[in-house]
Amino acid sequence: MAAIYSLYIINKSGGLIFYKDYGSSGRMDTNDSLRVASLWHSMHAISQQLSPTVGCLGIELLEADTFDLHCFQSLTGTKFFVVCEPGTQHMEGLLKVIYELYTDYVLKNPFYEMEMPIRCELFDINLSQAIQKDRVALLGR
C-alpha cells in the first residue's frame with residue numbers, strides 16, 4: 001500500500017497547476033481534484049485570517065481518520081500538499097524536496113509560463129524518483 005495517496009501543487013491564485021494520484025483505489029477525476037485544490041486553498045487562506053497567532057502561515061497538517069494532509073507554502077504563495085496514510089512521518093521533508101524539484105525543473109524551464117499547469121518531463125521523472133525513494137525509506141523504518 002502506498003503511503004502517499006496524491007500530490008497537489010496550487011498557484012498563489014488557488015488554481016491547480018499539478019496533480020498526481022499515487023493511490024491504488026478511489027482515483028479522483030479531474031473535476032474532483034480541482035474541487036479539492038480549490039477547497040484547500042480557501043481553507044488555508046481563511047485559517048491565516050482567523051488564527052489567533054500573529055504571523056500564522058495557515059494550516060500545515062490536517063489529520064483525519066482515513067488520511068493526513070500535509071502542506072508546505074513557499075514564499076511566493078505556491079502551495080504543495082500531499083494526502084497520505086494517517087500517521088505518515090517525515091512528509092515535511094518530502095514536500096521540501098518536491099519544492100526543490102519544482103524550482104530546479106519547472107521555474108528554470110524557459111518554456112514554462114508562471115501560474116500555468118506544469119508540463120515538464122524532467123520534473124515528472126525526478127518527482128517519481130523522489131516519491132519512490134520516500135516509499136523505500138518508509139518501508140525501511
Side-chain angles (χ1 to χ4, degrees), residues 1-109 111-141:
M1 182 189 281
I4 298 170
Y5 298 144
S6 54
L7 166 69
Y8 296 79
I9 302 176
I10 306 171
N11 63 23
K12 63 183 174 188
S13 304
L16 182 64
I17 59 174
F18 185 83
Y19 168 71
K20 184 75 172 178
D21 190 356
Y22 296 100
S24 58
S25 62
R27 297 199 186 278
M28 291 194 300
D29 66 11
T30 304
N31 288 332
D32 289 338
S33 61
L34 288 169
R35 278 189 215 102
V36 168
S38 177
L39 179 64
W40 180 252
H41 175 74
S42 300
M43 286 175 44
H44 197 270
I46 291 169
S47 71
Q48 286 176 314
Q49 295 173 359
L50 294 179
S51 174
T53 307
V54 177
C56 176
L57 299 177
I59 303 170
E60 294 178 357
L61 172 62
L62 175 71
E63 294 177 324
D65 292 337
T66 56
F67 68 91
D68 285 353
L69 190 151
H70 295 262
C71 182
F72 170 75
Q73 180 174 342
S74 70
L75 294 175
T76 60
T78 303
K79 293 175 201 62
F80 300 78
F81 70 93
V82 291
V83 178
C84 58
E85 290 178 350
T88 303
Q89 300 294 313
H90 309 290
M91 286 293 108
E92 296 81 15
L94 177 64
L95 286 169
K96 289 180 182 176
V97 167
I98 293 169
Y99 175 66
E100 289 174 11
L101 294 174
Y102 171 76
T103 58
D104 287 343
Y105 296 105
V106 177
L107 295 182
K108 293 177 184 176
N109 182 344
F111 301 108
Y112 178 70
E113 294 182 35
M114 292 298 292
E115 309 295 317
M116 297 303 293
I118 297 171
R119 305 279 184 254
C120 180
E121 185 177 351
L122 283 175
F123 176 71
D124 291 338
I125 291 168
N126 285 283
L127 177 64
S128 295
Q129 290 174 352
I131 298 293
Q132 188 62 33
K133 282 182 189 175
D134 188 68
R135 285 183 178 167
V136 169
L138 286 172
L139 291 174
R141 291 182 185 143

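- Here the closest heavy-atom approach between residue Ser47 and residue Cys56 is recorded as O-SG, 4.3 Å.
- The aromatic rings of Phe80 and Tyr99 lie perpendicular to each other, with more than 60° between the two planes, well past the 30° mark.
- Nearest heavy atom pair, residue Ala37 against residue Phe81, reads CA-CZ, 4.4 Å.
- Taking each heavy atom of Ala3 and Cys84 in turn, the nearest pair found is O-CB, 2.9 Å.
- Side chain of Ser38 to main chain of Arg35: no donor-acceptor pair is present (N/O by atom type, distance under 3.5 Å, no hydrogens or angles).
- Using a 4.5 Å heavy-atom threshold, the side chains of Tyr102 and Ile98 count as separate.
- Leu101 is not listed as a side-chain neighbour of Asp104, based on a closest heavy-atom distance of 4.5 Å or more.
- Put simply, OG on Ser13 and CD on Glu115 are 5.0 Å apart, with the number rounded to the nearest 0.5 Å.
- Looking at Leu127 and Tyr105, their side chains never come closer than 4.5 Å, going by heavy atoms from C-beta outward.
- In this structure, CD1 in Ile17 is found 12.5 Å from CD in Glu113, a value given to the nearest 0.5 Å.
- Residues Val36 and Tyr19 are not in side-chain contact: their nearest non-hydrogen atoms beyond the backbone lie 4.5 Å or more apart.
- Taking a 6.0 Å sphere around CD of Gln48, one finds it holds more than 12 heavy atoms contributed by other residues, nucleotides or ligands.
- Leu95 has its side chain within reach of His70: a pair of non-hydrogen atoms, C-beta onward, lies under 4.5 Å apart.
- The main-chain N or O of Gly87 is found under 3.5 Å from a side-chain atom of Asp68 such that the two form a donor-acceptor pair.
- A donor-acceptor contact shorter than 3.5 Å links the side chain of Ser51 to the backbone of Thr53.
- Checked against side-chain contact (heavy atoms from CB on, under 4.5 Å), Asn109 has the following partners two or more places apart in sequence or in another chain: Phe111, Tyr112, Cys120.
- Minimum heavy-atom separation, Thr103 to Glu100: OG1-O, 2.8 Å.
- Two residues are said to be in side-chain contact when any heavy atoms from C-beta on lie closer than 4.5 Å; Trp40 and Tyr8 fail this criterion.
- Side-chain contact between Leu94 and Ile4: present, with at least one pair of heavy atoms (C-beta onward) separated by less than 4.5 Å.
- Distance check, rounded to the nearest 0.5 Å: CG of Leu62 to CE of Met43 gives 5.5 Å.
- Side-chain contact between His44 and Leu57: absent, with no pair of heavy atoms (C-beta onward) separated by less than 4.5 Å.
- For the atom pair NE2 (His41) and CG (Leu16), the distance works out to 12.0 Å, reported to the nearest 0.5 Å.
- For the atom pair OG (Ser74) and CG (Asn11), the distance works out to 10.5 Å, reported to the nearest 0.5 Å.
- Annotation: the span from Cys71 atom SG to Glu92 atom CD amounts to 10.5 Å, rounded to 0.5 Å.
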